[in-house]
Amino acid sequence: MTASQPVVDIQNISKRYGRTAALDRVSFELKRGECVALLGPSGCGKTTTLRILAGFERPDAGVVAIDGRDMSNARPYERNIGLVFQDYALFPHMTVAENVEYGMKRRGVPKAERERRRREVLRLVRLDGLDERRPSQLSGGQQQRVAMARALAPNPSVMLLDEPLSNLDARLRHDLRHELREILSAAGTTTLIVTHDQEEAIAMADRIVLMNHGRIQQIGPPRSLYERPENAFVASFLGRCNWFDGVVESALPDGSALFRTTEGLALRVRLPDPRVGAPAPSGVAVRPERLHVVEAGTELDGDFNRLPATVTRLHYLGADLRFDLTLPEGRRLEAVVKADGRPLPAPGDTVAVAVAPADCVPVAGDLPQ
Amino acid sequence: MRPTPAAWLLLVPGGLLLGGLMVAPLGLLALESLREFVGGRVGGQADRPLTLANYAELLNPAYALYFWETFRIGALVSLLALIFAFPIAYVAARTPRRGLRKGILGLLIAMLFLSVVARLYAILMAYGPTGPLKGIAQLFGTSASSAAFAEVQVMVGLLHFVLPIVALTLIGTVQNINPRLEEAAMALGAPRWRAVTGVVLPLAVPGLLSAFLIAFAMCISNFVVPLILGRGVVLFVSNLMYIRFSEIANFPSGAAIGIIMLVLSFGIVFGLTAVIRRLWPAAGGVR
């Protein structure tokens, strides 16, 4: 086994349930020590992928390799995986210690070593001293950590976390996100997190595999998915975006491209994907925080598209302000700016919206409604 | 939550039914069991002082044996029913194939609809002394007309009677256990049989106990199975009661047997429940 070999290598797996394709030629890999988030809306195939990886389902086609060995047809207990369920699935009739030692017991680890490792992982998840409690005597956050400890204890090749934080309340979820990431880093395991929560994916993952309708939409680090979405689904699923539909007309000498919206508005945008065979862009996505809202007539330093707009509403969000804007052609935009104490325009005021060509990203595909 | 005063009203119809149909007749039965019986007369003597003679008579080993046989065979059959029904219930509850689940449920319910008497005569005709399958008895080292084989047949008959109900009860028990628990065990390196014995079975203890008690109650109160398959060799307490009431019209003795049966059954149900709750403290606290 070489260091560069992926721990998990999924190649072209497909799965059908009756007439619906749950997975359509899905391929991705997990490198050693990497944390990857499998992200997508419900029904996108991410849970099926996890269940195939864990061995609870068999793919109709394709190969699942773990540590370089073909595991496509191996039973769950023949794979060296650590699984954390959304509802934790702690054994209610066993103590925390028995839960954590269960996997090592099944693998024939001697008692002394089991106890040593149990204390080690419980310390890692900061739960020392609760060994004799039963799961029903623990809080949701503690149960989540016992589930982590139980899965980590037998030193699995890969950790699979199924919506690990979705059963917790919002505040705890936020705190545990970073704690979970630290635990995974400290343990040094390779991890796949299945989630529908884009914030969770962005905060925890080294890379995101974004799925929709059983197909992978884009794979990459969170930043590249957010800033360089490859299609309209990626642009709209990750964060919020303003959408201009239209066509790219021509490349401009300054390295940008000229885009014409359907209502005839001209925008200078980023050059579309130059690769041969790349689908033609059908629109331009602009993040709300990349729009600048300035008083009409203000001079701007730098290269911007400049559009007149009317303020329809202003939402005060504490640290941020959100503007609902309407362009003269009737198109609605959303802009988010830092609330820095400057005087605010009132609804009905005419303002200018400025956006750099580099922040206008041409993408292919239809915007999901 | 405390029920509101109005909620107590909801208990009235059930209470009337229970009082009218259970408590009052049972009270009369208890009274009858304390009356003196004079041979040749029907029923107890209402004008004579009450006596415990009917109960004292039952201490005779010949009578005690009826109780022992009834409870022994009942317990054995209930245990066998759990052993046979659990795998059926497990498959029905867990299979991803809807056809298989529906097939099992259909078969179990069909068994319930089939007349017990018809089922018992079918068993008798097939395995009895004149049946084509009487050779089965030789596998047990006995003949189809022996007393021992009569007992085997009674057990088969009772099993046939309680198995569908035990299986249907256990399907609910298994369905109430989170299937993720087995998956968690399997992901931790346990083959399915280990996941079932180490995780599902311990969590199913309360359900297994209820199913056992249902089967046990159905067995020990059974009348028709020993009547048809016992061939006079195996008689249950119910058969003894029947003889007392209808054949020799000794109502007080029949009533005493009934009361003793009631007390013993309650004792066993509560005793067993207490023992299981103590042995599996966890089982009481989980779904």
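Residue numbers begin at 1 in each chain, while the letters A, B, ... track the order of the sequences.
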Discussion item. Please classify the contact between B:R194 and chain A as side chain, backbone, both or neither, with a heavy-atom cut-off of under 4.5 Å.
Written reply: both
Worksheet item: Any chance CZ of B:R72 has more than 12 other-residue heavy atoms, nucleotides or ligands included, within less than 6.0 Å?
Response: yes
Worksheet item: Where do A:L90 and B:L181 come nearest, in terms of heavy atoms and distance?
Response: O-CD2, 3.3 Å
Fill in: Heavy-atom neighbours of B:Y127 OH exceed 12 at 6.0 Å
no
Discussion item. Is A:N80 in contact with chain B via its backbone, its side chain, both, or neither, using a 4.5 Å heavy-atom distance?
Written reply: neither
Item to complete: Any chance you could lay out the side chain to side chain contact (heavy atoms under 4.5 Å, CB included) test for A:F91 and B:L188, step after step, and finish with the verdict?
Response: CA-CA 12 Å; A:F91 305 131; B:L188 287 165; 4.2 Å; yes
Discussion item. I'd like to know whether CZ of B:R101 has more than 12 heavy-atom contacts from other residues, nucleotides or ligands below 6.0 angstrom.
Written reply: yes
Discussion item. Ignoring hydrogens, what is the shortest heavy-atom contact between A:A89 and B:A184? Give both atom names and the distance.
Written reply: O-CB, 4.0 Å
Practice prompt. Go through the structure and list residues passing side chain to side chain donor-acceptor pair (under 3.5 Å) with B:T173, not counting sequence neighbours.
Written response: none
Worksheet item: How many angstroms lie between CZ in B:R180 and CZ in A:F85, if you round to the nearest 0.5 Å?
Response: 6.0 Å
Item to complete: Can you run down the salt bridge (Lys or Arg N to Asp or Glu O under 4.0 Å) pairs that involve residues 91-110 of chain A, sequence neighbours left out, and say none if there aren't any?
Response: A:E101-A:R114, A:E101-A:R118
Worksheet entry | Residue part contacting chain B, namely of A:L160, when any heavy atom lies under 4.5 Å | neither
Fill in: Proximal to chain B - members of residues 49-63 of chain A, heavy-atom separation under 4.5 Å
A:R51, A:F56
Response to the item:
Most heavy-atom pairs under 4.5 Å with chain A, out of B:P179, B:A190, B:P96, B:A195, belong to B:A190
Fill in: A:R69: partners by side-chain contact (heavy atoms from CB on, under 4.5 Å), with sequence neighbours left out
A:M71
Discussion item. Donor-acceptor check, side chain of A:H93 to backbone of B:G198, threshold 3.5 angstrom: yes or no?
Written reply: yes
